[in-house]
2 protein chains.
Amino acid sequence: MNTKAALNKRWQSGDNGLAIERLPAKESFKSRAYAALKEAITHMNIYGSEEPLLLDERDISERLGASRTPIREAVAMLEQEGLLKAVPRRGILVVRRTKAEIIEMIEAWAALESMAARLAASRASDEAIAELRAFFKEFDLNRIERERCDEYSTANIAFHQALIRLSGSSLLAAMTDNLFFHVRAIRHRTIFEMDRAQRSASDHLEIIQAIEARDADRAERLVRDHTLRLARHVESHVNLD
Amino acid sequence: MNTKAALNKRWQSGDNGLAIERLPAKESFKSRAYAALKEAITHMNIYGSEEPLLLDERDISERLGASRTPIREAVAMLEQEGLLKAVPRRGILVVRRTKAEIIEMIEAWAALESMAARLAASRASDEAIAELRAFFKEFDLNRIERERCDEYSTANIAFHQALIRLSGSSLLAAMTDNLFFHVRAIRHRTIFEMDRAQRSASDHLEIIQAIEARDADRAERLVRDHTLRLARHVESHVNLD
DNA sequence: CTTCGAAATTTGGCATACCAAATACCAGCA
DNA sequence: TGCTGGTATTTGGTATGCCAAATTTCGAAG
C-alpha cells in the first residue's frame, strides 16, 4: 500500500521501522554560513587586542558568495549562542567574555562534567570504561609532544570529552562543548599555567580508577574539585579585562 | 574633552564607569518575533497530540504584521535554541523531546542546581540566605492554594530559581532557565505525580539549613539527590513517546 | 588650528520578488 | 472504483533593493 495518506502518515509519524534519516540534499547557505562563521571565530585570536572585533555582513556575503539574507540568519543563530552581538548601525561584533563570565563557565563545566562522571560510574559499560583507560594511556604518552601546542591543550580537552561521552548523555556533551568553545578562546600566555594546573595526569588516573570502581560519589567529587581548581586558578592568576 | 576620538574610544571600550546599557530605542521586529514565538510555544500544549505541530512563516508574518525576513531570523534563533526545527518544503515544526531527552535535561539540571547550592553555601551573604528562608515560608503557606495550578508547580520552580540566584552565577541561572522551559512543556496528567515527588517541603527545608550552615557538600548532595529523584521518577512513571 | 555642523557614506533592519523542490490536486485511464 | 501521471500550488531558501539611523567626512566659521 503506497497510498498518499500512508506516505504522509509515514512521514508525520517518523515510521521508525527504517533507521534512515532524510539527508539534507544540499546544505543550505544558512548552515554553511553558520559553520563558516563559527570556524572563523574559532580561529580568531579574540583576546589578542583591545579593539572591538567586528564583522561586516556585506563583506561576509561577498566572500561566501551568498546574499546577506542567509548570512543574517547565521548571525542570528550565533548571536543566540552568545558568540556574536549585532549592534545596529555599528556592526556585528565578536563577544568578549569578562573574566567573571569565564569563571562562571568553568564552574558550570565543573557541574556538568562531575555529573557526567557520576553517571559514567553508575552506567557505563566495562568496555567503555576500558576504552577510557586506553585513551588515557595514549594521552599520557603524547604528553610531551603535545605540550608545544599553543592552544588550550587539545589532548587534555579530548580526555575530558571522552569522559563526558561515558555518561551516555548527549546533552551533557553538547553543553560542555559549548562551554569549552568559550574557554578555549582565551589564548594567553597564562594558558600554559592553566594547562599545567589542569592536566595533572595523576588526577586523571584517579578519576579513571574511581569510575572503574563504580564509586560515583568519589568520581563526581574528583572531577568537580579538579575543574573547580582550574576556576580558582583562573580567578587568581589570569587577567583578561 | 569630548573629541570624536574620545567618544569613539568610550564606545569601543565600553567605558564601564557607568552601568547603563544602550537601550534599544525600538525593539526590532526580529526580537519581537522571537519573543512572540517563544511565548506562543510556551503556551502551546506540545505533547497534547501526536500530530506534528508546524508553523507557517507567511501566516506568522501576516499575524505579526512584519515581513518574512525578521520572522525567519527569529525562527533561526529558536532553532538554535532547540525549540523549533525548520524542514525544507515541509514547514517549521515545534520539536518534541523524547523521554530520554527529558531525563537528560533533568540530570543536567541536577548538575547545575547542585553546583549552585554549593556556591551559594560558600559565597552567598547571610542576608541573601535569609531571603531564601523567607521565600520558603511564603512558599509553604501557599502550598495548598497553588496545588491546583495545572502547570508544573510555579511556586516550586520559583523556589529552585531563587536558590540558583543565590549562587551569584547568572550563567547557571540562564542555563537552568532554558532547561526548565523544556521540562515545563510536558503537560501531562503525570505532571502532578512529578510535582508531588518534587516538592517535598522537608527537602527544601533541609537544603536551606545546609546552606545556612555553610555546609557546601551537604547542600550540593541534597539538591542533587532531590532532583535526580525526579529524573528517576520520570524514568519509571512518565510515558511520552 | 580648533570647533561645529551639514552632507555623504556606511550599515543593519526590513520588505519584496523570484526560484526550485516537494506536495496536493485532479483528470484520465484501466 | 482505484491507480497513475501530470499540473497547479504551496513553501522554505535566496537575492535584491530601499530605508532610517548613526558615523564619518569635510569644509566653513571663529
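Atoms considered below: every heavy atom in the structure, side chains included; atoms not considered: hydrogens, waters and symmetry mates.
Within 6.0 Å of CZ in A:R232 there are more than 12 heavy atoms belonging to other residues, nucleotides or ligands.
Atoms CD1 (A:I71) and C1' (D:dT16) sit 14 Å apart, rounded to a whole Å.
In this structure, the side chain of B:T176 engages the main chain of B:A173 through a donor-acceptor pair within 3.5 Å. Looking only at distances, a side-chain donor or acceptor of B:Y47 sits under 3.5 Å from a matching main-chain atom of B:R97.
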Under 4.0 Å protein heavy-atom contact, by nucleotide of nucleotides 9-15 of chain C - B base, S sugar-phosphate only: --BBBSB
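Residue B:V183 is tested with B:I106, B:L230, B:I103 for a side chain to side chain contact (heavy atoms under 4.5 Å, CB included); the sole match is B:I106. The side chain to side chain contact (heavy atoms under 4.5 Å, CB included) test with A:Y34 is passed by exactly one of A:R32, A:K38, A:K30: A:K38.
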